[in-house]
There are 2 protein chains.
Amino acid sequence: MTLSEEDYIKAIYHLSEFNSTSVATNAIAEQMQTKPSSVTDMVKKLSEKSLVNYKKYQGVSLSEKGRLVALSIIRKHRLWEVFLVDKLNFSWDEVHVVAEQLEHIKSDTLIDKLDAHLGYPKVDPHGDPIPNKDGVFTKSIKKLISELPVGSQGVCVGVNDSSAAFLKFLDKNKIALGDTFKILEIEEFDGSVTISTRSGSIRISKQIATNLYLDIVDEE
Amino acid sequence: MTLSEEDYIKAIYHLSEFNSTSVATNAIAEQMQTKPSSVTDMVKKLSEKSLVNYKKYQGVSLSEKGRLVALSIIRKHRLWEVFLVDKLNFSWDEVHVVAEQLEHIKSDTLIDKLDAHLGYPKVDPHGDPIPNKDGVFTKSIKKLISELPVGSQGVCVGVNDSSAAFLKFLDKNKIALGDTFKILEIEEFDGSVTISTRSGSIRISKQIATNLYLDIVDEE
DNA sequence: AATTAATTTTAGACAAAGCTAAAAAATTGT
DNA sequence: ACAATTTTTTAGCTTTGTCTAAAATTAATT
Ligand SMILES: [Mn+2]
Ligand SMILES: [Mn+2]
Ligand SMILES: [Mn+2]
Ligand SMILES: [Mn+2]
C-alpha cells in the first residue's frame with residue numbers, strides 16, 4: 001500500500017463512519033484536498049485491489065478488507081498521537097500533522113512495541129478510541145461530567161462554555177483538554193463532583209460539571 | 001526534499017565519508033540498489049538544486065548545503081535508532097530498517113523533543129556519533145578496550161573473537177553490543193580492566209579486553 | 001597508439017499520482 | 001416531461017522516479 005492509497009482509505013472510512021451509506025466522489029475530493037477526477041482514478045485502483053466497492057456514478061464504500069486497512073492506519077495514527085503527547089510533551093493540538101506522517105511507517109513490530117511502551121492506551125489525546133491489532137475498538141461517547149455515574153472514566157475533549165473566565169478557571173485547576181478523568185464521587189446535595197486527575201483529585205461544582213465534556217470508553 | 005532525494009544525498013555522504021574524493025555513478029547505483037541511469041537522472045536534479053557538485057563523467061560530491069542536509073538526515077536516523085533500542089527495547093540489529101523510514105518524517109519540533117526525551121545522546125546504538133542541529137559531531141574511533149586509558153568511554157560495537165564460547169561469556173556477564181562502557185581501572189599486574197556497565201562494574205581479564213571493540217567519542 | 005572493456009549518459013517508455021477541460025450521467029426545478 | 005444544474009467520469013497532459021537499450025566517454029590492455 002502506498003502512502004496515498006492509505007490516506008484515501010482513511011478518508012473514505014471517516015466519511016462513512018457515521019452515515020454508513022456510500023461516499024460521494026466530491027466528498028472524498030474535498031476531504032483529500034484534491035480534484036474529483038483524481039479521486040475517480042484512485043477509487044478505480046482501490047477497487048482493483050478490492051479494498052472498496054465501487055460502481056460508476058454510484059459512490060464508494062469500504063470492503064471488509066478496506067475497513068481493516070483503515071483501522072490499522074487509524075490505530076497507528078492514534079498510538080503515535082499518544083506517544084507525542086505523553087512522552088514528548090507535545091500539546092494536544094500539535095500532534096495531528098506529525099501523526100499524519102508517522103501513521104505510514106511500515107513495521108508491525110514497531111507498533112506492537114510502541115503500544116506496550118505506552119501501556120496499551122485505549123484512547124488517543126483527543127479521546128478517540130484506539131483499535132486493537134484486529135481492528136476491534138469500543139466506541140466512545142461524548143458526555144457532560146454531570147451526566148455520568150460514579151466510576152466512569154474518560155478523556156476531557158471539549159467545553160460548553162468557552163468564555164475566557166471559564167478557560168482561566170480550568171487552567172488554574174490544572175484541567176486541560178486531553179487529560180483523563182475519573183468520577184470518584186457525586187455530592188447529592190449540590191451536584192458537585194469529585195474527579196481524579198493527574199495531579200490528585202479535586203472537587204468541581206455542578207456548574208463546571210455541566211460545562212465539561214468527557215469522551216467515555218466503556219470499560220470491558 | 002523528497003524521500004528519494006534524501007536517500008541519495010545520504011548515500012553520497014556515506015560513500016565519500018572516508019575517501020573524500022568524488023563518488024562514482026556506479027557506486028551510488030549499487031548503494032541505492034538501482035540502475036546507473038537512474039542515478040544520473042537524480043544527480044542532475046540534485047545538481048540543479050545545488051546540493052551536489054557534478055560534471056558529466058566526472059563523478060559527484062556533496063556541496064556544503066548537501067552535506068548539511070545529509071547530516072540532518074543522519075541525525076534523525078540515529079536519534080530514532082536510540083529511541084527504538086532505549087525506549088522500545090528493539091535489539092541492536094533490528095533498528096536500521098525502521099530508522100530508514102523514520103528519518104524522513106518532517107518536523108523540527110519532533111526531532112528536538114525526541115532528542116530531549118532521549119537525554120541528548122551522543123552516539124547511536126551502533127556507536128556512531130549523532131550530529132547536533134548544526135551538523136557538528138565528534139568523530140568516533142573504534143578501539144580495543146586494552147588500548148584505552150582510564151576514563152575512556154564508548155559503545156561496544158564489535159568483537160575480535162566471535163567463537164560461541166566467547167559470546168556465551170559475554171552474555172553471562174551481561175555485556176552486549178550497543179552497551180556503553182567506561183574504563184574505571186587498569187590492573188598493571190595482569191592487564192585486567194574494571195569497566196562500568198549498566199548493571200554495575202565488572203572486572204574483565206586482559207584476554208577479554210583484547211577482544212572487545214569500543215567506539216570512542218571524545219568528550220568535550 | 002590502437003583496440004577492447006568498463007563506465008556513464010542519453011533517448012524513449014512506464015507506473016503513480018496529480019491536473020484541466022470536455023463529455024456523460026444523475027439530479028433538480030418547473 | 002424536459003431543460004438546467006450538479007456530479008462524476010473520461011481523455012489527454014505533467015511530474016517524479018524508475019527502467020532498458022543504445023550511444024558516448026573514459027580507462028585499461030596489449
Ligand atoms: Mn497520512
Ligand atoms: Mn486524534
Ligand atoms: Mn531512508
Ligand atoms: Mn546506526
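What you see is a predicted model, and the numbers here were worked out from it, not measured in a lab. Within every chain, numbering begins at 1; the chains are lettered A, B, ... in the order of the sequence lines, protein sequences first and strands thereafter.
- Contact annotation: T34(A) reaches the phosphate of dC19(C) (side-chain N/O to OP1 or OP2, under 4.0 Å).
- Side chains of H77(A) and D124(A): no donor on one and acceptor on the other come within 3.5 Å.
- Note: NZ (K44(A)) to P (dA16(C)) measures 14 Å, nearest angstrom.
- Computed from coordinates, the M42(A) CE to dC19(C) C1' distance equals 14 Å when rounded to whole Å.
- Contacts of S4(A) with the nucleic acid, taken as non-hydrogen atoms under 4.0 Å apart, involve only primed sugar atoms and P, OP1 or OP2.
- Partners of F83(B) according to the ring-ring contact (aromatic ring centres under 6.0 Å, His included) rule, which considers only residues two or more places apart in sequence or in another chain, are F83(A), W80(B).
- Position along DNA chain C of the nearest nucleotide to E5(A) versus G59(B) favours G59(B) as the more 5'-ward residue.
- Look at OH on Y57(A): it is 5 Å from C1' on dA25(C), rounded to the nearest Å.
- Atom P of nucleotide dT18(D) and atom CD of Q33(B) are separated by 12 Å, given to the nearest angstrom.
- The environment of K174(B) atom NZ is sparse: at most 12 non-hydrogen atoms of other residues, nucleotides or ligands sit within 6.0 angstrom.
- Across all strands, S38(A) comes closer than 4.0 Å to base atoms (heavy-atom distances).
- The nearest whole Å value for the distance from the NZ atom in K56(A) to the C1' atom in dA26(C) is 14 Å.
- Of the candidates K139(B), K122(B), R78(B), R78(B) is the only one forming a side-chain contact (heavy atoms from CB on, under 4.5 Å) with P129(B).
- Residue-level contact check: T40(A) touches the bases, meaning some heavy atom is under 4.0 Å from a base atom.
- Contact annotation: Y54(A) side-chain N/O to dT8(D) OP1/OP2 distance is not under 4.0 Å.
- D41(A) places its CG atom 15 Å from the P atom of dT8(D), with the value rounded to the nearest Å.
- For N26(B), a side-chain nitrogen or oxygen approaches OP1 or OP2 of dT8(C) to under 4.0 Å.
- The CD atom of E81(A) sits 9.0 Å away from the CD atom of E100(A) when rounded to the nearest 0.5 Å.
- Put simply, the side chain of T25(A) and the base of dT9(D) share no donor and acceptor less than 3.5 Å apart.
- Following rounding to the nearest Å, M1(B) (CE) and dT16(D) (P) show an atom-to-atom distance of 12 Å.
- With dT20(C), dA21(D), dT18(D) as the choices, the nucleotide that has an atom nearest any side-chain atom of K35(A) turns out to be dT20(C).
- Separating the NZ atom of K49(A) from the P atom of dA15(C) is a distance of 14 Å, rounded to the nearest angstrom.
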